[in-house]
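Have a look at the structure below before the remarks.
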Amino acid sequence: MNNLTTNRNLQVHLTKEKHLFISVAGIDGIEYDKNVSFYLNLLKIIQDNQEVSSYSKLLMKKGFDIDLDDLYDLLQQWLDLNILKKENDCSQKLIDLGFEKYDRQIKNFGTLPNLTEQDGIAFQQKISTSTIGVLGVGGVGSYIVQGLASIGIGELKIVDGDIVELSNTSRQILYREHDIGKSKVSVAKEQVALISPKTKVDILNVFVNNKNMDEVSRFFEDIDFLILSADTPRGEIEYITDRIATKNQLPWITFAPFGFSKIFLGPLIVPNETKTLKDLIPQDTFIENNELVKKINENFYPTIMDPYNGMAAKMALVEVIKFITGYGDVSVINKRILIDTNTWEIEHYDLEN
């Protein structure tokens, strides 16, 4: 058996009743109510990076006598439960690849069941060579851009025609009061350079609409994934994005906070694998050309509070990272998740049915 180490996020807890609880990523906690001292000593021996062949002798020194086959069976069980990992020091490779900055997220991938830190490095390489388009860099979009830069995305292509206003500085994380009057995309580019100097950023300073959709489509034609984080033109922006993504054969995701306390996430749409948005949620479900409807909706005023922008963006980024790296299954393929922070109720909608 190869040399072993404990999972990096392993934690143990001892109750007053002398029960041992072991917790690691990806599984429910494990409880032992017998031989607790033996298990604790074995975990500490493994943590000290002793060779597997020495475990039995070291345990005997501590007063524990265990059959070698039984010991190996337990070690294999702990490997299967993700409590243990095969020893795999990637420190030098992180340095060689220039990934030391991403040490924690690479090792975080490695804590998952059936994954190693080598897998984490492979995932980071996918992140660092991916190009992501971001349509809208306001409330949720600024969090999206900051988050993508923080994980070391290779290239960003950002579209927005807005300028920074005072009210933006309380709920759009990239902007400060000294940025007021500047274009959002230019400030976003400056901020990305501070967060992740290696990330390339291209910007297009326009508001997307039906008239300039072809221009925006050309700007996004060579990206790997498109994130919709704009909310105008209202009632149309998702379908404009759907057409851009379909034309360029781009996977994309839609999400947003709404109704004060709610956030919807998804669907994530993949060309030739899933239905388009217009097929999942037909645009003609609502009659938008009624004059009274238009006049009433002209009075709509977008209100928001910063935590909802951040939550919505981070939820979407989890799904985007799953898709880019393949570390886990995307949860919103042809689906929509709705969370209400007033009650923390979560609802799942299958949009195909």
Roughly how far, to the nearest 0.5 Å, is OH of Y239 from CG of L277? 5.0 Å
Run the salt bridge (charged side-chain N to carboxylate O under 4.0 Å, His left out) test on D179 and R176 for me, step by step, so that the C-alpha distance in whole Å, both residues' side-chain angles and the decisive distance to 0.1 Å come before the verdict. CA-CA 5 Å; D179 296 319; R176 307 292 180 264; over 6 Å; no
Starting from the C-alpha separation in whole Å, work towards a yes-or-no answer on side-chain contact (heavy atoms from CB on, under 4.5 Å) for D231 and R234. CA-CA 6 Å; D231 57 6; R234 299 195 189 283; 3.5 Å; yes
Just checking E51: does its CD atom have more than 12 heavy atoms from other residues, nucleotides or ligands closer to it than 6.0 angstrom? no
Is D119 close to I121 at the side-chain level, that is, under 4.5 Å between some pair of heavy atoms? no
Could you grab the distance from atom CG of D67 to atom CG of D69, nearest 0.5 Å is fine? 5.0 Å
Has the side chain of N309 got a donor or acceptor atom that lies under 3.5 Å from a matching backbone atom of D306? no
Result for side chain to side chain contact (heavy atoms under 4.5 Å, CB included) between L84 and one of I46, L10, L74, T5 points to I46
Without swapping roles, check the side chain of N209 against the backbone of N212 for a donor-acceptor pair under 3.5 Å. yes
Greater than 12 external heavy atoms within 6.0 Å of D28's CG: no
Salt-bridged, E165 to R171, with N to O below 4.0 Å? no
Main-chain N/O of T341 paired to S261 side chain as donor or acceptor, under 3.5 Å: no
Pairwise distance CG(L148) to CD1(I127) - rounded to 0.5 angstrom: 9.5 Å
Classify the ring geometry of Y39 against W78: parallel below 30°, tilted from 30° to 60°, perpendicular beyond 60°. tilted
R336 with E347: basic N within carboxylate O range, under 4.0 Å: no
More than 12 heavy atoms of other residues, nucleotides or ligands under 6.0 Å from NZ of K314: yes or no? yes
Quick check, are the ring centers of F264 and Y349 under 6.0 angstrom apart? no
